[in-house]
Amino acid sequence: MAYWLMKSEPDTFSIDDLRERPNGTEHWDGVRNYQARNMMRDQMKMGDKVFFYHSSCPQPGIAGIAEVVAEAYPDDSAQNPESRYFDPKASPDEPRWYMVDVRFERKFKRVISLADLKAEPALGEMKLVQKGSRLSIMPVTAEEWRQILSME
DNA sequence: GCCAACGTTGGC
DNA sequence: GCCAACGTTGGC
């Protein structure tokens, strides 16, 4: 089982939104970055655990935990001209973009802020805290996972 | 294949 | 709203 961190803008889709979905489950559409797509498509497996990260908001940080409940399948929003995620180069034969399903597991008692994560020496190697890191999906090591849980 | 121009992300 | 750091696009 692997660990991940996935970013979402809470104004668009927050951890509370996920919790309120039927079965607490939603597809993670709208990933339009190849590195992030490749990780989702090739490496994310059923049962993997995910830190749900809130970005571009007053308090950026990790808000809670979700679990992967469906492995990658085509992101049909790329083929919907009405969608903000529409990509004219995507087609049924070449879907180009993929998504997974995630299910709400729990919300942290408090948001573990980016500032707190940056201040923790044990997380110095974490991709999230490194300068210029913009990936919306990134792997988290087991050590990082444990460390962050201890900071709740 | 290079690289300039442009678009996006995301913290602040 | 600013802007640094990337990623993507497309002319050549």
Side-chain angles (χ1 to χ4, degrees), chain A residues 2-21 26-44 48-68 71-102 104-141 143-152:
Chain A
Y3 299 104
W4 304 94
L5 180 145
M6 298 173 88
K7 296 180 181 175
S8 182
E9 299 186 16
D11 284 353
T12 305
F13 187 69
S14 72
I15 194 164
D16 291 322
D17 294 327
L18 179 62
R19 177 167 55 188
E20 288 161 14
R21 289 296 194 267
E26 184 58 285
H27 44 266
W28 199 273
D29 61 358
V31 171
R32 295 293 179 268
N33 168 282
Y34 290 107
Q35 257 184 285
R37 179 204 69 181
N38 292 348
M39 284 188 280
M40 225 175 19
R41 188 190 57 190
D42 305 334
Q43 294 177 251
M44 289 185 86
D48 283 0
K49 300 289 187 180
V50 175
F51 280 140
F52 195 118
Y53 181 91
H54 284 170
S55 66
S56 297
C57 59
Q59 198 195 15
I62 299 171
I65 297 174
E67 179 181 339
V68 176
E71 293 174 13
Y73 58 103
D75 179 348
D76 50 14
S77 70
Q79 295 174 52
N80 174 9
E82 303 301 312
S83 170
R84 59 182 288 225
Y85 301 124
F86 178 63
D87 180 346
K89 292 178 179 165
S91 70
D93 281 349
E94 290 285 338
R96 190 140 125 150
W97 303 112
Y98 289 81
M99 59 190 175
V100 298
D101 288 355
V102 300
F104 176 83
E105 183 169 308
R106 72 185 180 90
K107 190 175 172 178
F108 287 159
K109 293 190 280 288
R110 65 176 190 101
V111 172
I112 302 174
S113 71
L114 179 61
D116 287 349
L117 297 169
K118 282 182 170 169
E120 172 51 57
L123 299 176
E125 296 299 308
M126 198 181 175
K127 296 200 183 355
L128 181 73
V129 304
Q130 282 164 18
K131 196 177 174 187
S133 161
R134 297 184 318 173
L135 268 185
S136 63
I137 297 176
M138 65 185 76
V140 173
T141 69
E143 291 74 18
E144 289 162 352
W145 184 271
R146 275 196 299 274
Q147 171 65 38
I148 290 166
L149 287 184
S150 78
M151 294 165 66
E152 182 177 355

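From a predicted model like this one, the values you see are computed outputs, not experimental measurements.
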Show the numbers, then the answer: is there a salt bridge (charged side-chain N to carboxylate O under 4.0 Å, His left out) between A:K89 and A:E94?
CA-CA 8 Å; A:K89 292 178 179 165; A:E94 290 285 338; over 6 Å; no
Is a side-chain donor or acceptor of A:R32 paired with a backbone partner of A:Y85 at a separation under 3.5 angstrom?
yes
I'd like to know whether CD of A:Q35 has more than 12 heavy-atom contacts from other residues, nucleotides or ligands below 6.0 angstrom.
no
Starting at atom CG of A:L117, determine the distance to atom P of B:dC12, rounded to an integer number of angstrom.
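Atom CG in A:L117 sits about 11 Å away from atom P in B:dC12.
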Whole-Å distance separating the NE2 atom of A:H54 from the P atom of B:dG11
12 Å
Full working for salt bridge (charged side-chain N to carboxylate O under 4.0 Å, His left out) between A:R106 and A:E152
CA-CA 12 Å; A:R106 72 185 180 90; A:E152 182 177 355; 3.1 Å; yes
Encode nucleotides 4-10 of chain B as B, S and - characters from 5' to 3', where the letter depends on protein heavy atoms closer than 4.0 Å: B to the base, S only to sugar-phosphate, - to neither.
---BBBB
Ring centroids only, cut at 6.0 angstrom: are A:W28 and A:Y98 within range, meaning strictly under it?
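When the ring centroids of A:W28 and A:Y98 are compared, they turn out to be at least 6.0 Å apart.
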